[in-house]
Amino acid sequence: MNILVLGSGGREHAFTHKLLESKKIDKLYVAPGNAGTNEIATNIAINPTDFEAVKKIVLEHNINMVVVGPEAPLVEGVHDFFLSDEELKSIPVIGPKKDGALLEGSKDFSKQFMEKHNIPTAKYQSFTSETLEEGYVFLETLNPPFVLKADGLAAGKGVLILEDIQEAKAELKEMLTNQKFGAASATVVIEEFLKGIELSVFVLTDGKSYKVLPSAKDYKRIGEGDTGLNTGGMGAISPVPFADNDFLTKVEDRVIKPTIDGLQKDGIDYRGFVFIGLMNVAGDPFVIEYNVRMGDPETEVVLPRIESDLLELFEGVATQTLSDKSFSVIDKTATTVMLVSGGYPEAYEKGKEITGLEAVEGSLVFHAGTKNEDNKVVTNGGRVIAITSFGETIEEALKTSYNNINKISFDKINYRKDIGFDLTK
Ligand code: AMP
Ligand code: GLY
């Protein structure tokens, strides 16, 4: 089979690496990809939200399946585009259609979905500029901290958590009337703050049955000890030690089953990944958010732990035979540490030469923001490279990642030296 992976991050490099293990792969293309995918597959320089460009390469390269990495093409309807095109409609797309992608594309929609299907989540209400005053009144009924969420996609920046009620009111007004996050904050969800520890579970579904993939915890803040600005993710660990069988059974019964059933009941034919962001509140799971794709850098620890042939699983998704596919997970810990450009998540420079990658031993190197330039590999984004390792324990896996990181350099390299700090000791 010829496969096209859409996207350019560490997640997509991890997909490419995993898919290449399948004997069924003939050719693998990544659009646009990075220097890492370029080494093991063929990059094609197009924008994944330019659907006409995607169509052109699918036809030109006889692609048999499209795997969508990031949310933007899904939310913008790449799957619907395929289904409505005579030449493309028989080519499966791994990733939901627009209706399913709303689980990530609209916080208001996802909260309504959870409420309707009795899925545990924080209490909430949604407001627009017309109901600003009612928003102030709702804030008064909550205890601090106050959680304000832009309804639409806001590049991971649309959630504000504020201690002070006056500040919360001012920010609500900024979001609703001054379009702080553009059209994404035309509607704002205000919700109760949940106190607990976060983790994520991932589900692959064909719309009828599902496989629960390994759980993971990511480290979103730039600074050690979970301080400073939010990033796309500075590292991840799988499995999550506190997500024991007892907790995961609750997650499956209270969250996963009702989510898959709810999609069916609502007539949403969902084929792809569901990323469920959870808060463990005193042993009980509450949904913080849904994403309609895999996480990054969570993919860099989740996929390496899957023993099964990923392409087989994707074929199961495409033909709704996922329940017939075998699925097994490697019983080891995987950790990943993200190397980032100095300055990220604020302004940073690109084009810095990366050296030492060939010296890495015993870890997987997943490129994120990299590209080839004059026979060199150079930085091309905030998050640059993820170093994934296995171990019997978190400490052992991290030790391998950090030993290898010492061999890699580029100007203004930065990374967190304390990934897993809250899970070890
Ligand atoms: P979201 O984009 O909805 O995942 O929110 C971004 C981050 O804000 C989450 O990863 C949590 O750390 C935090 N967060 C969101 N909602 C809540 C909540 N209701 N209670 C506590 N923390 C939250
Ligand atoms: N690492 C968080 C995300 O992919 O959304």
Side-chain angles (χ1 to χ4, degrees), residues 6-14 16-17 30-41 43-50 69-72 153-158 180-182 218-236 295-300 335-360 363-388 401-419:
L6 294 181
S8 64
R11 167 181 51 213
E12 287 75 18
H13 190 191
T16 306
H17 172 86
V30 190
N34 56 38
T37 60
N38 196 32
E39 251 175 55
I40 57 176
N43 283 357
I44 306 180
I46 60 144
N47 180 340
T49 54
D50 180 350
E71 64 279 13
L153 293 183
K157 297 191 170 69
K180 179 169 177 140
F181 300 106
D218 83 336
Y219 291 80
K220 289 200 176 91
R221 303 293 197 91
I222 187 72
E224 274 146 31
D226 285 343
T227 54
L229 294 174
N230 258 323
T231 71
M234 297 294 289
D296 193 353
E298 293 91 330
T299 307
E300 290 93 302
T335 62
T336 199
V337 179
M338 189 64 80
L339 309 182
V340 306
S341 300
Y344 173 80
E346 296 184 282
Y348 57 85
E349 293 166 36
K350 295 185 189 177
K352 308 291 181 189
E353 184 178 1
I354 304 167
T355 57
L357 293 175
E358 67 296 335
V360 170
S363 295
L364 295 164
V365 176
F366 293 123
H367 289 235
T370 70
K371 67 173 185 179
N372 295 106
E373 202 172 80
D374 306 329
N375 289 322
K376 293 186 291 201
V377 177
V378 301
T379 64
N380 190 39
R383 295 193 294 166
V384 176
I385 281 178
I387 303 293
T388 297
S401 285
Y402 285 119
N403 279 342
N404 278 316
I405 287 168
N406 284 331
K407 302 172 190 166
I408 302 171
S409 54
F410 56 86
D411 186 35
K412 302 198 179 73
I413 188 171
N414 183 29
Y415 57 92
R416 271 182 63 171
K417 293 159 193 76
D418 70 339
I419 297 304

With [X], which residues qualify under side chain to side chain contact (heavy atoms under 4.5 Å, CB included), at least two apart?
{"X": "Lys371", "answer": "Glu373, Val378, Asn380"}
{"X": "Leu153", "answer": "Glu71, Val75, Glu104"}
{"X": "Ala154", "answer": "Phe181, Ala184"}
{"X": "Ser8", "answer": "Pro32"}

Looking only at non-hydrogen atoms, find the nearest pair between [X] and [Y] and report the distance.
{"X": "Gly356", "Y": "Ile408", "value": "O-CG1, 4.3 Å"}
{"X": "Arg383", "Y": "Ala368", "value": "O-CB, 3.4 Å"}
{"X": "Val377", "Y": "Ala35", "value": "CG1-CB, 3.9 Å"}

Determine which pairs satisfy side chain to side chain donor-acceptor pair (under 3.5 Å) with at least one residue from residues 338-354, sequence neighbours left out, and list them in order.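 Sorted result for residues 338-354: Glu349-Lys352, Lys352-Asp411.
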With side chain to side chain donor-acceptor pair (under 3.5 Å) as the rule and sequence neighbours excluded, what pairs involving residues 219-231 come up?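 Qualifying pairs, neighbours excluded: Tyr219-Asp422, Asp226-Arg416.
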I'd like to check [X] versus [Y] (side-chain heavy atoms, cut-off strictly below 4.5 Å). Are they in contact?
{"X": "Thr388", "Y": "Phe366", "value": "yes"}
{"X": "Asn38", "Y": "Asn43", "value": "yes"}
{"X": "Leu6", "Y": "Val30", "value": "no"}
{"X": "Ile405", "Y": "Val360", "value": "no"}
{"X": "Thr335", "Y": "Ile419", "value": "no"}

Taking atom [atom1] of [X] and atom [atom2] of [Y], what is their separation to the nearest 0.5 Å?
{"X": "Leu357", "Y": "Leu339", "atom1": "CG", "atom2": "CG", "value": "9.0 Å"}
{"X": "Ile387", "Y": "Ser363", "atom1": "CD1", "atom2": "OG", "value": "6.5 Å"}
{"X": "Ile354", "Y": "Ile413", "atom1": "CD1", "atom2": "CD1", "value": "8.5 Å"}

Restricting to ring pair (Phe, Tyr, Trp, His ring centres under 6.0 Å), what partner residues turn up for His367, sequence neighbours left out?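 Partners of His367 under the ring pair (Phe, Tyr, Trp, His ring centres under 6.0 Å) test: His13.
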Side chain to side chain donor-acceptor pair (under 3.5 Å) partners for [X], two or more places apart:
{"X": "Thr16", "result": "none"}
{"X": "Asn403", "result": "none"}
{"X": "Asn47", "result": "Thr49"}

Check whether [X] reaches the backbone of [Y] with its side chain - one donor and one acceptor, N or O, closer than 3.5 Å.
{"X": "Thr336", "Y": "Gly235", "result": "no"}
{"X": "Glu39", "Y": "Gly36", "result": "no"}
{"X": "Asp296", "Y": "Arg11", "result": "yes"}
{"X": "Thr379", "Y": "Gly351", "result": "yes"}
{"X": "Asn34", "Y": "Thr37", "result": "yes"}

Hey, mind stepping through His17 and Leu364 against side-chain contact (heavy atoms from CB on, under 4.5 Å) and telling me if it holds? CA-CA 10 Å; His17 172 86; Leu364 295 164; 3.7 Å; yes
Could you tell me whether Lys412 sits above the aromatic face of Phe410, with NZ or CZ closer than 6.0 angstrom to the six-membered ring centre and within 45 degrees of the axis?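 Geometry flag: not set, cation outside 6.0 Å or 45°.
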